[in-house]
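Both backbone and side-chain heavy atoms feed into the values below; hydrogens, waters and symmetry mates do not.
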Amino acid sequence: MSTTLHIEHDITDYPTWRAAFDRFSDARTQGGVTAARVRLADDDPHHIVIDLDFEGREPASAFATFLHERVWGTGRAPALAGTPTTRLLVDPDARP
């Protein structure tokens, strides 16, 4: 069943954040991301929402762990402000 890793966090500067996001393209591909959507909040240009699609729960969960431990947890994530929140989402009509 396909799973979406939904991420929300605040950023200090979109162009800087976007450049860092783009540098992680290979990591997303290797992690099993099949599609990615990036949106800024209409009322807050410093709040970003990212949806990463995966073929199943396991790769989505593993990628969330990778982000928390290897990217955000290092203190070296450019333009990141605060602590990101993540949630795994599934289509309720696709559940067995």
Side-chain angles (χ1 to χ4, degrees):
M1 175 186 332
S2 68
T3 303
T4 298
L5 173 58
H6 179 81
I7 305 163
E8 292 193 34
H9 63 79
D10 291 332
I11 58 173
T12 59
D13 174 67
Y14 179 76
T16 300
W17 178 88
R18 186 62 200 218
F21 181 81
D22 290 345
R23 283 192 301 273
F24 272 84
S25 177
D26 288 343
R28 286 192 301 278
T29 299
Q30 292 171 2
V33 175
T34 60
R37 291 171 302 286
V38 175
R39 300 287 186 266
L40 285 173
D42 183 53
D43 62 343
D44 182 356
H46 297 286
H47 187 78
I48 200 153
V49 176
I50 306 108
D51 286 322
L52 304 175
D53 294 339
F54 296 82
E55 290 294 326
R57 185 186 191 293
E58 291 305 317
S61 180
F63 199 75
T65 299
F66 163 76
L67 290 173
H68 281 284
E69 293 177 357
R70 306 288 307 269
V71 179
W72 303 327
T74 65
R76 297 181 309 219
L80 186 66
T83 303
T85 60
T86 59
R87 178 168 281 165
L88 297 181
L89 306 174
V90 296
D91 181 349
D93 297 324
R95 286 189 170 191

Peer 1: Does atom CG of D42 have more than 12 heavy-atom neighbours from other groups under 6.0 Å away?
Peer 2: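 No.
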Peer 1: For the pair R28 (side chain) and F21 (backbone), establish whether a donor and an acceptor sit closer than 3.5 Å, ignoring hydrogens and angles.
Peer 2: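 Side chain of R28 to backbone of F21, a donor-acceptor pair under 3.5 Å: yes, one is there.
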Peer 1: Verify the distance criterion only: is there a donor paired with an acceptor across the side chains of T34 and D53 at less than 3.5 Å?
Peer 2: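 Side chains of T34 and D53: no pair found under 3.5 Å.
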Peer 1: Answer yes if V38 and I7 sit in the same cluster of Ile, Leu, Val, Met, Phe, Trp and Tyr residues linked by side chain heavy atoms under 4.5 Å apart, and no otherwise.
Peer 2: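 Yes, V38 connects to I7 through the hydrophobic network.
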Peer 1: Within the distance-only criterion (no hydrogens, no angle test), does the side chain of H46 pair as donor or acceptor with the backbone N or O of I11 below 3.5 angstrom?
Peer 2: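 Side chain of H46 to backbone of I11: a pair is present.
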Peer 1: How about L40 and H47: do any of their side-chain heavy atoms sit closer than 4.5 Å?
Peer 2: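 SC-SC contact between L40 and H47 ruled out.
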Peer 1: Quick one: pull up OG1 in T85 and CG in D10 and give me the separation to the nearest 0.5 Å.
Peer 2: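 The OG1 atom of T85 sits 9.0 Å away from the CG atom of D10.
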Peer 1: Give me the atom names and distance for the closest heavy-atom approach of A36 to L52.
Peer 2: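 Closest pair (atom of A36, atom of L52, distance): CB-CD2, 3.6 Å.
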Peer 1: Would you indicate whether the side-chain heavy atoms of I50 and I48 approach each other to under 4.5 Å?
Peer 2: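 The answer is yes, as the side chains (C-beta and beyond) meet within the 4.5 Å cut-off.
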Peer 1: Any chance you could measure L5, atom CG, to L88, atom CG, to the nearest 0.5 Å?
Peer 2: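 Going from the CG atom of L5 to the CG atom of L88 covers 6.0 Å.
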Peer 1: Quick check: do F24 and Q30 have side-chain heavy atoms less than 4.5 Å from each other?
Peer 2: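 Result no, sub-4.5 Å side-chain heavy-atom pair not found.
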Peer 1: Between side-chain atoms of residues 56-70 and protein atoms elsewhere (two or more places apart, or another chain), which donor-acceptor pairs fall under 3.5 Å?
Peer 2:
from : atom 1 : to  : atom 2 : distance (Å)
T65  : OG1    : S61 : O      : 3.2
H68  : NE2    : T86 : OG1    : 3.2

Peer 1: Spell out, as yes or no, whether a donor-acceptor pair under 3.5 Å connects the side chain of T16 to the backbone of T12.
Peer 2: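 Between the backbone of T12 and the side chain of T16 there is no qualifying donor-acceptor contact (under 3.5 Å).
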Peer 1: Can you tell if the side chain of T83 reaches within under 4.5 Å of the side chain of W72, non-hydrogen atoms only?
Peer 2: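 Not touching, per the 4.5 Å side-chain cut-off.
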Peer 1: To the nearest 0.5 Å, what is the distance between CG (D51) and NE2 (H6)?
Peer 2: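 It is 5.5 Å, given to the nearest 0.5 Å.
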